[in-house]
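In this text, all values refer to a predicted model and were calculated from it rather than measured experimentally. What you see below is based on every heavy atom in this structure, not just the backbone, and it leaves out hydrogens, waters and symmetry mates.
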Amino acid sequence: MTMKLRSFFYALAAGVVMLLLLAGGGWFWVSAHSPLTLLQEQEVKTPTAAIFVPKQAPAMISLLVNPDRLAALRQVVVPPQKRRRAIAEFKQLENSLLANLGLDYQRDIQPWIDDELTLAVTSLDVDRNPENAAQPGYLLVFTTNDPEAAQEQVYSRLAITDPADLVVESYQGVNLIYQSSNPPGKKLAKDTDSRPIPDTLTSAIVGDRFVLYANHPKVLRNAINTVQVADLSLAENLDYQHLLQSLTEPRIGLSVVNLPALAAWISNQPIPNRESFEASKSLAIALSLTRQGLLAQTAIPRSKSSPEPITPVLSQPVDALQYIPTQSALAIAGVNLNQFWEQLSTRLEGDESLSSVIDQGIARLESQWGIQLPEEIFSWVQGDYALSLFQRSDQPNPDWIFVTQTANNDRAIDAIDHLDLVAKQQGLNVGELPFGDRTTTAWTKLVTAKALKNRQDGLLSLQAQVRGVHTTVGDYEVFATSIEAMDAALNGVKDSLVQNPDFQNAIAALPARNDGYFYLNWLESQPLIERQLPILRVVELIGQPLFDHLRSLTITSYGVNQDVQQSQLFFQWVDRSSG
C-alpha cells in the first residue's frame, strides 16, 4: 500500500499539470471567433484550499477549473478525426492518476467534484523524527458541489478494502476516515523506530465544501489545525499574498513553491530548519490558456535593498539572433551578459542548493573549453548577445554558436585577443582560415589518422582538427565550435531563428518589453536532452501526452515590480496525433 500511495501522489502532481497542458494542446485549430467559454471565462482566481496548507509547505499546485471542462474543451479544439486520440489521452491520464487507489474517475470523483483540485506537499517528514527515514506528507483537497455524494464515496471506497479495519476518528469536530495501521497480530513501525512510518490513506469531509485525502492521519490533523489557527496557513501568509498580487493574468491553475524546501526534497539533502521554510524564497506560478498553448506567469521575491522598480531593457529581439540558425535546439539571447551574471550571482547568495546546480553546469563547460567563463567571457559582453546549441545530423554531440556585439566596446578586442592566447597555451594552433569571402581565425590541433588505400592499412597522416573558429561580421563577433556551425551561423542571416514563424509565434505570447529569451525547440532538442538526462525518459513515460504535443518552450523575464521578479513561460504546441 505504501508504494501504491506514493506512486499515486507522484503521478497526481504530474497529472494536475498535464490536465492544464493537454487542454492547451490544440488551440491553433481554433479561429479567433470561436465561442469557447473556458477561454473567455478565465479569472484571477485564488485556491480556497490554501487555508489547509501550512505556510512552510514545500509545494502546492492547484487546478482551478473542473477537469471535465478541460476534457470537453480538448474535444472542441481538435479536428473531428483526432478526437478519438484526444479521448484516449485523457483516459490514459485518469488511469495513471487513480488506478493505484482502485478509484474510477467517472464513478468515484466526477459525480461530486466542483471547480478546484489542490495537491500540496505539506512537510518533508510527517513525524519530524530524525531517528527514522523522512516521509513527506501529501495533502489532496477537492472542492465539492454535492457533499452527500462525496461522503458516500469516501466511506464506500475505503470500506471495500477491509471493512473490519475501517477507523472513524473524530478530531476537532471533523471525522477522519482511514484503515487501521495496527490490526491484530501485525507490528508496524512506530515514531521511535528507525523505519519510516507507513502510508495510510486518510479521508475527511470538512463542512459542505471540501473533500480531503492524505497519506497519513497526522497530515489531516495538521491540516485541520492549520484552518483553525489562521496564522498557520499559507492563505494568511503575507509573502504569499504579496506574490499573488503580482500575478495579474487570468488563470486556471496556480502553484506555489518554497525553493529551499523543494530543493532539499528533490536532492535528498538535510531538511531545512523551520525558520528557513518561512523565508521569502518562494516561487509562484499562474497558468493560463492561450490559443497557441499554455502561458505561465511567475513571480519570485527579490531583495528589498533596491526598492525602485527595474524596467525591462528590450522592446524587440536582439539583432544577434540573426546569426542563430532556425534549426537550433536551444537559443539564449539578451543584452549585457556581465550584468546578468552579477545579478544572478547576487540572487544565488545564500541558496546553496540552486547555486550548486549553476556552478556545476559552469564548471563542466569550463573544463570542456579550458576557460574561466565569468572572467574571460561574461565580464566583457556588454552589448547584445545570442547563444545557440546547434544539433548536427552527422555527429552525436552538438556544436555551440556564440554571437556578441563588439562595436563601441573597447574591452572586446583585447578580450578576443586573450582568447586566442589561451588557445595557444592549450597547445592549439591559431591562424587565419579562408572562409567564403571572409577570413576567420581558427583554433586547430594536429591529430594523426590512418588512411585506407587499396583495402590495406595506409600510412599515418596528419589532419588539422578544428576546435573553434571566430570571425567579425559587421558589429558582431561570431564564435563556433566547428566550421559547419560557423557556416550555419553566417547562412543564418538568410534563414535565421528570429525569422522563423514558430519562434515568432512563441515570443508573440510573451511581453514585448523584456530582458531577452530562453528558447528550447523540443522537436530538435528531445534526442539530445534524453541522452544527457536519462531520467527524462521516465518523466516522458508518465507524461507522454504532454511531450507528444510539445513544440517549444520559451522563457523571458520582464523586470522587477514591488520587489518581485516577474517572468513568463510559454509552452507552444503542435498536434502530432494521427487521429
Side-chain angles (χ1 to χ4, degrees), residues 314 316-335 337 365 368-369 377 381 383-406 416 419 433-443 465-510 514 516-532 550-556 570-574:
L314 298 172
Q316 61 184 18
V318 296
D319 290 339
L321 278 170
Q322 65 183 308
Y323 301 105
I324 301 302
T326 188
Q327 67 269 36
S328 295
L330 176 150
I332 302 173
V335 65
L337 183 57
L365 292 177
Q368 178 181 348
W369 295 338
I377 299 292
V381 178
D384 60 85
Y385 65 89
L387 177 69
S388 165
L389 196 60
F390 178 65
Q391 184 70 29
R392 290 169 51 186
S393 58
D394 60 334
Q395 64 178 28
N397 296 322
D399 281 319
W400 292 90
I401 300 172
F402 180 63
V403 185
T404 181
Q405 187 178 26
T406 55
I416 294 171
L419 292 176
L433 180 71
F435 192 84
D437 59 352
R438 69 180 68 253
T439 299
T440 65
T441 300
W443 305 333
Q465 187 179 79
V466 176
R467 297 294 180 85
V469 61
H470 66 90
T471 189
T472 302
V473 184
D475 293 340
Y476 292 87
E477 190 75 11
V478 181
F479 296 82
T481 52
S482 73
I483 294 294
E484 291 80 4
M486 176 62 76
D487 183 57
L490 298 182
N491 288 329
V493 177
K494 303 174 183 177
D495 186 24
S496 65
L497 180 66
V498 74
Q499 296 173 334
N500 182 275
D502 292 331
F503 179 76
Q504 292 175 347
N505 289 336
I507 65 175
L510 301 172
N514 57 66
Y517 299 108
F518 173 97
Y519 174 77
L520 180 67
N521 184 329
W522 179 248
L523 300 182
E524 292 285 345
S525 65
Q526 182 179 3
L528 172 65
I529 297 177
E530 288 175 344
R531 288 199 303 270
Q532 298 297 321
L550 183 61
R551 178 191 291 275
S552 66
L553 167 65
T554 313
I555 306 172
T556 189
F570 180 64
F571 298 85
Q572 188 183 19
W573 300 99
V574 56

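Under the side chain to side chain donor-acceptor pair (under 3.5 Å) test applied with N500, the options N521, T326, N505 reduce to a single match, T326. When each of P398, S482, P325 is paired with F390, the side-chain contact (heavy atoms from CB on, under 4.5 Å) condition holds for P325 and for no other.
Between the OG1 atom in T554 and the OH atom in Y517 there is a gap of 9.0 Å [rounded to 0.5 Å]. Within the model, atoms CZ of F435 and CG of L490 stand 5.5 Å from one another, a figure rounded to the nearest 0.5 Å. In this structure, CG in D475 is found 7.0 Å from OG1 in T406, a value given to the nearest 0.5 Å. Considering OG1 of T440 and CZ of F479, their distance stands at 12.0 Å, rounded to 0.5 Å. Distance check, rounded to the nearest 0.5 Å: CZ of F503 to CD of Q572 gives 10.5 Å. Taking CD1 from I507 and CG from L497, the interatomic distance works out to 8.5 Å, rounded to the nearest 0.5 Å.
Between F518 and L330, the closest side-chain pair of non-hydrogen atoms falls below 4.5 Å. Side-chain contact between V473 and R438 is present, with heavy atoms from C-beta onward closer than 4.5 Å. With contacts defined as side-chain heavy-atom distances shorter than 4.5 Å, the pair S496/I324 does not qualify. You'll find the side chain of V469 stays beyond 4.5 Å of the side chain of T441, heavy atoms only. Counting heavy atoms from C-beta outward, I416 and H470 have side chains that approach closer than 4.5 Å. Two residues are said to be in side-chain contact when any heavy atoms from C-beta on lie closer than 4.5 Å; T556 and F570 fail this criterion. Contact annotation: the side chain of Y476 never approaches that of T404 to less than 4.5 Å [non-hydrogen atoms, C-beta and beyond]. Side-chain atoms of V335 and L314, non-hydrogen and from C-beta on, do get closer than 4.5 Å to each other.
Between M486 and V478, the shortest heavy-atom contact is CE-O, 3.3 Å. Taking all atoms of both residues into account, the shortest heavy-atom contact from Q391 to E524 is CG-O, 4.4 Å. When every heavy atom of G334 is checked against every heavy atom of V318, the shortest pair comes out as O-CG1, 3.6 Å. Minimum heavy-atom separation, V403 to I401: CG2-CG2, 4.1 Å.
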| field | Candidate pair D399 and R392, rule side-chain contact (heavy atoms from CB on, under 4.5 Å), full reasoning | value | CA-CA 7 Å; D399 281 319; R392 290 169 51 186; 2.8 Å; yes
* Test side-chain contact (heavy atoms from CB on, under 4.5 Å) applied to D384 and L321, step by step -> CA-CA 9 Å; D384 60 85; L321 278 170; over 6 Å; no
(Q) Apply side-chain hydrogen bond (donor to acceptor under 3.5 Å, both in side chains) to residues E477 and T472 and explain how you reach the verdict. (A) CA-CA 5 Å; E477 190 75 11; T472 302; 2.5 Å; yes
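Between F402 and Y385, the ring planes lie tilted relative to each other; the angle falls in the 30° to 60° range.
Looking only at atom types and distance, the side chain of N491 has no donor-acceptor partner in the side chain of D495 under 3.5 Å away. Between the side chains of S388 and S328, at least one donor N or O sits under 3.5 Å from an acceptor N or O.
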